[in-house]
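A quick write-up on the structure given underneath.
Counting starts at 1 for both ligands and their atoms, in listed order.
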Amino acid sequence: MEKTFALLKPDTTGRSLIGEIIARIERKGLAIAELQMLTLDETDIEELYAPHVNKSFFPDLKKFMLSGPVVAMVIKGDNAIKEMRKLNGATDPFEANPGTIRGDLALSKTQNIIHSSDSPAEAAREMAIFFPNSV
Ligand code: CMP
């Protein structure tokens, strides 16, 4: 069983879409192994998005991620990392196919509902930030 990290962003909590997104993950056959609702601070965001801190979009991303509560999760299942990325759809909702979370529910590259790890190394790094006992 593979584990990955996923984070439901402030647009998800603000639009009352937590259940909708978790239902899609569970219907796929993946399991929620850990779950925590919290409000991030600047340090959390800089740590989670360490690979992006110097990108031009980072200030807008940080402001958005501070704007409301998020739901951090460890998700478990066969091929969990790739299967979560498929469920999410492309980062840019205008590129994301219908049937994907972002394709169905988002219209903004920043406010795009969900983040999930893109590799085993990132999954381990991101899980360790929020669930240090789970890795
Ligand atoms: P996420 O999977 O959380 O990883 C980084 C986030 O930065 C990404 O989803 C987007 O929400 C956000 N972002 C905003 N602008 C861009 C951009 N131009 N390229 C990539 N990611 C972006």
Side-chain angles (χ1 to χ4, degrees):
M1 282 281 177
E2 187 173 72
K3 282 184 183 173
T4 190
F5 175 76
L7 189 88
L8 307 183
K9 299 185 182 186
D11 50 343
T12 303
T13 57
R15 293 170 59 194
S16 300
L17 290 172
I18 298 171
E20 163 80 32
I21 309 306
I22 289 178
R24 287 174 182 236
I25 295 167
E26 292 189 324
R27 279 209 304 267
K28 177 66 185 171
L30 296 166
I32 311 298
E34 309 257 8
L35 183 148
Q36 183 191 356
M37 190 164 179
L38 74 164
T39 301
L40 302 180
D41 62 23
E42 295 205 14
T43 310
D44 297 325
I45 296 165
E46 283 161 14
E47 208 178 345
L48 172 66
Y49 285 127
H52 298 302
V53 286
N54 295 318
K55 307 252 175 83
S56 60
F57 59 80
F58 187 71
D60 283 345
L61 178 63
K62 181 153 93 174
K63 192 169 158 200
F64 167 56
M65 295 302 292
L66 286 167
S67 71
V70 301
V71 178
M73 298 183 285
V74 173
I75 293 166
K76 202 166 67 175
D78 289 341
N79 239 350
I81 296 170
K82 277 198 179 140
E83 290 307 314
M84 272 307 301
R85 302 278 296 181
K86 275 201 258 172
L87 284 179
N88 295 348
T91 302
D92 182 346
F94 295 117
E95 305 289 331
N97 291 323
T100 65
I101 290 168
R102 290 160 173 165
D104 288 349
L105 301 169
L107 279 171
S108 154
K109 214 181 213 179
T110 302
Q111 302 196 18
N112 66 352
I113 302 280
I114 187 165
H115 162 81
S116 75
S117 313
D118 65 4
S119 67
E122 277 297 287
R125 190 187 71 80
E126 294 171 5
M127 276 189 282
I129 300 172
F130 296 94
F131 300 100
N133 300 324
S134 172
V135 182

Query - Within reach of ligand 1, part of K62 (heavy-atom separation under 4.0 Å) - result: neither

Report task. Give me the ring orientation class for H52 and F57: parallel if the planes are under 30° apart, tilted from 30 to 60°, perpendicular past 60°. Result -> tilted

Query - Aromatic ring pairing H115/Y49, orientation class (parallel under 30°, perpendicular over 60°, tilted between) - result: perpendicular

Query raised in the report: Counting each atom of ligand 1 from 1 as listed, which ones have a heavy atom of T91 under 4.0 Å away?
Result: 8 (C), 9 (O), 10 (C), 21 (N)

Query raised in the report: What residue and heavy atom of the protein are closest to atom 19 (N) of ligand 1, and at what distance?
Result: F57 CE2, 3.5 Å

**Report entry** Side chain to side chain, R24 and L105, heavy atoms closer than 4.5 Å
**Finding:** yes

Query raised in the report: What do you reckon, does N112 have a nitrogen or oxygen under 3.5 Å from a nitrogen or oxygen of ligand 1?
Result: yes

Report task. Identify, for atom 5 (C) of ligand 1, the protein heavy atom at the shortest distance, and state residue, atom and that distance. Result -> Y49 CE2, 3.5 Å

Query raised in the report: What part of K55, side chain from CB on, backbone N/CA/C/O, both or neither, has a heavy atom under 4.0 Å from ligand 1?
Result: neither

**Report entry** Which residue and heavy atom of the protein sit nearest atom 9 (O) of ligand 1, plus the separation
**Finding:** K9 NZ, 3.2 Å

Requested in this report: Say whether H115, considering both its backbone and side-chain N or O atoms, lies within less than 3.5 Å of an N or O atom on ligand 1.
Outcome: yes

Query raised in the report: Under 3.5 Å, is there a donor-acceptor pair between the S116 and N88 side chains?
Result: yes

Report task. Could you tell me the residue and atom name of the protein heavy atom closest to atom 18 (N) of ligand 1, and the distance to it rounded to 0.1 Å? Result -> K109 NZ, 3.4 Å

